[in-house]
Amino acid sequence: MAANNRRMSGKKGAQVGSGGQRRRGLEGKGPTPPAEMRKGHAKQRAVQAKARRAQGRTTQRRGGRSASELVVGRNPVVEALRGGVPASTLYVQQFIDNDERVREALQLAADRGGINLMEAPRPELDRMTNGLNHQGLVLQVPPYEYAHPEDLVAAAHDEGEDPLIVALDGVTDPRNLGAVVRSVSAFGGHGVLVPERRAAGMTAGAWKTSAGTAARTPVARATNLTRALEAYKKAGVLVVGLAADGEAELGDVEALDGPVVIVVGSEGKGLSRLVGETCDVRVRIPMPGGAESLNAGVAAGIVLYEAARRRS
């Protein structure tokens, strides 16, 4: 009865059946962890933010990867395989009509090696291509590994040469990009720089136009082209922009035999305002025939030839 009175009273004290919980509660939980390890603490948030920034810099340093691409249709697939476009898998429709193009595609894939051959039903190929007319052949092109802008300068220095780089501003046709890559390779350049957004990337079309030179000529991608050009300037590289109203003629620019990046704009709009203001000098190509402009591939080839001639 006395025990019942104690449980019903308002007095504080150990309850019957507590099992010593209050005693264990007084023992403590050990030393307090450092601030950067405490959840929600300002120092922990600062450490996490620093780690995220470091991870972002690492991703940018690698230059990034493009998305995988599908080449669809018998003629495009055959042309891509003939042109040496990198490929990971050739999908062939089940019970396909075995014409000359199908046989050539299979033979080219087998001869190259490293390309998986997969047979798939027509509905699966329809789903993969979003209903495009694939004609029973689909070629998967793996993601392109872009270089970082700094890698192009580093590669030139590793070879004991002055950097010779082409940057494209607003060029959206992959065939123009492929043509520039081919010219850079032909005239001893060290790579091509493209913006990450609103610009052509290394698609199957660019690979094919490069005629295989994309395998040995790096293409770098910059999050911001203007900032990348400013970084080149700080590294001692002259930034030469091509413009129809440039203040200097190509033949008068003596600096082409040194470290230089040649900036080529789109055929219609030319250089963007910020990129044009970043250039050390804007150069025009004399055209006695009266043409208003040249496409990016032709313009880059002319300037690269002049630079190579002076360096020889």
Side-chain angles (χ1 to χ4, degrees), residues 59 62-147 168 170-185 192 194-221 266-268 295-298:
T59 302
R62 288 196 296 266
R65 301 177 70 186
S66 62
S68 60
E69 181 187 0
L70 296 178
V71 178
V72 177
R74 299 188 183 187
N75 283 338
V77 166
V78 170
E79 290 174 6
L81 289 169
R82 284 177 183 168
V85 174
S88 55
T89 305
L90 174 61
Y91 294 93
V92 183
Q93 181 182 314
Q94 289 176 340
F95 314 117
I96 190 174
D97 292 333
N98 195 1
D99 67 3
E100 183 179 347
R101 292 168 298 173
V102 173
R103 289 192 294 271
E104 184 177 0
L106 293 171
Q107 188 63 53
L108 288 169
D111 290 345
R112 186 190 297 187
I115 299 178
N116 299 316
L117 296 177
M118 299 288 291
E119 192 176 42
R122 182 183 180 90
E124 177 63 16
L125 296 184
D126 291 341
R127 184 194 64 78
M128 287 175 57
T129 61
N130 291 322
L132 294 176
N133 184 21
H134 51 73
Q135 300 175 307
L137 286 184
V138 178
L139 186 69
Q140 185 169 38
V141 178
Y144 180 79
E145 291 281 356
Y146 288 96
L168 301 181
V171 175
T172 57
D173 189 340
R175 292 169 297 180
N176 269 332
L177 172 57
V180 170
V181 169
R182 188 173 183 178
S183 294
V184 168
S185 176
V192 180
V194 297
E196 187 174 303
R197 289 183 280 276
R198 295 184 294 276
M202 283 305 297
T203 63
W207 267 97
K208 188 172 70 173
T209 309
S210 77
T213 58
R216 57 181 182 271
T217 302
V219 176
R221 190 165 62 175
S266 64
E267 184 174 353
N295 70 34
V298 174

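This structure is a prediction, so every number in the text was calculated from the model and none was measured.
Here the side chain of Gln93 pairs no donor or acceptor atom with the backbone of Leu125 at under 3.5 angstrom. Thr209 contributes a side-chain N or O that, together with a main-chain N or O of Gly205, makes up a donor-acceptor pair within less than 3.5 Å. Glu69 places no side-chain N or O within 3.5 Å of a backbone atom of Val141 that could act as its donor or acceptor partner. A distance-only check finds no donor-acceptor pair linking the side chain of Arg182 to the backbone of Thr213 [under 3.5 Å]. No donor-acceptor pair under 3.5 Å is formed between the side chain of Arg221 and the backbone N or O of Gly201.
Contact record, Leu139 with Ala87: CD1-CB, 3.6 Å, taken as the closest heavy-atom pair.
Here CG of Leu132 is found 9.0 Å from CG of Leu70. Values are rounded to the nearest 0.5 Å. For the atom pair CG (Asn98) and CD1 (Ile96), the distance works out to 7.5 Å, reported to the nearest 0.5 Å. Here CD of Gln135 is found 11.0 Å from OG1 of Thr129. Values are rounded to the nearest 0.5 Å. Going from atom CG of Asn295 over to atom CG of Asp173 covers 8.5 Å, rounded to the nearest 0.5 Å. Put simply, CG on Leu117 and OH on Tyr91 are 11.0 Å apart, with the number rounded to the nearest 0.5 Å. Note that the CG atom of Leu177 and the CE atom of Met202 stand 5.5 Å from one another [nearest 0.5 Å].
The side-chain heavy atoms of His134 and Arg122, taken from C-beta on, include a pair separated by under 4.5 Å. Inter-residue side-chain proximity for Arg101 and Leu137 is flagged as unmet; no heavy-atom pair is nearer than 4.5 Å.
Between the side chains of Gln107 and Asp111, at least one donor N or O lies within less than 3.5 Å of an accepting N or O.
Ionic pairing of Arg127 and Glu124 is present here: one or more N-O contacts between side-chain nitrogen and carboxylate oxygen are shorter than 4.0 angstrom.
At most 12 heavy atoms of other shown residues, nucleotides or ligands fall within 6.0 angstrom of atom CZ in Arg175. Other residues, nucleotides and ligands contribute only 12 or fewer heavy atoms inside 6.0 Å of the CG atom of Asp97.
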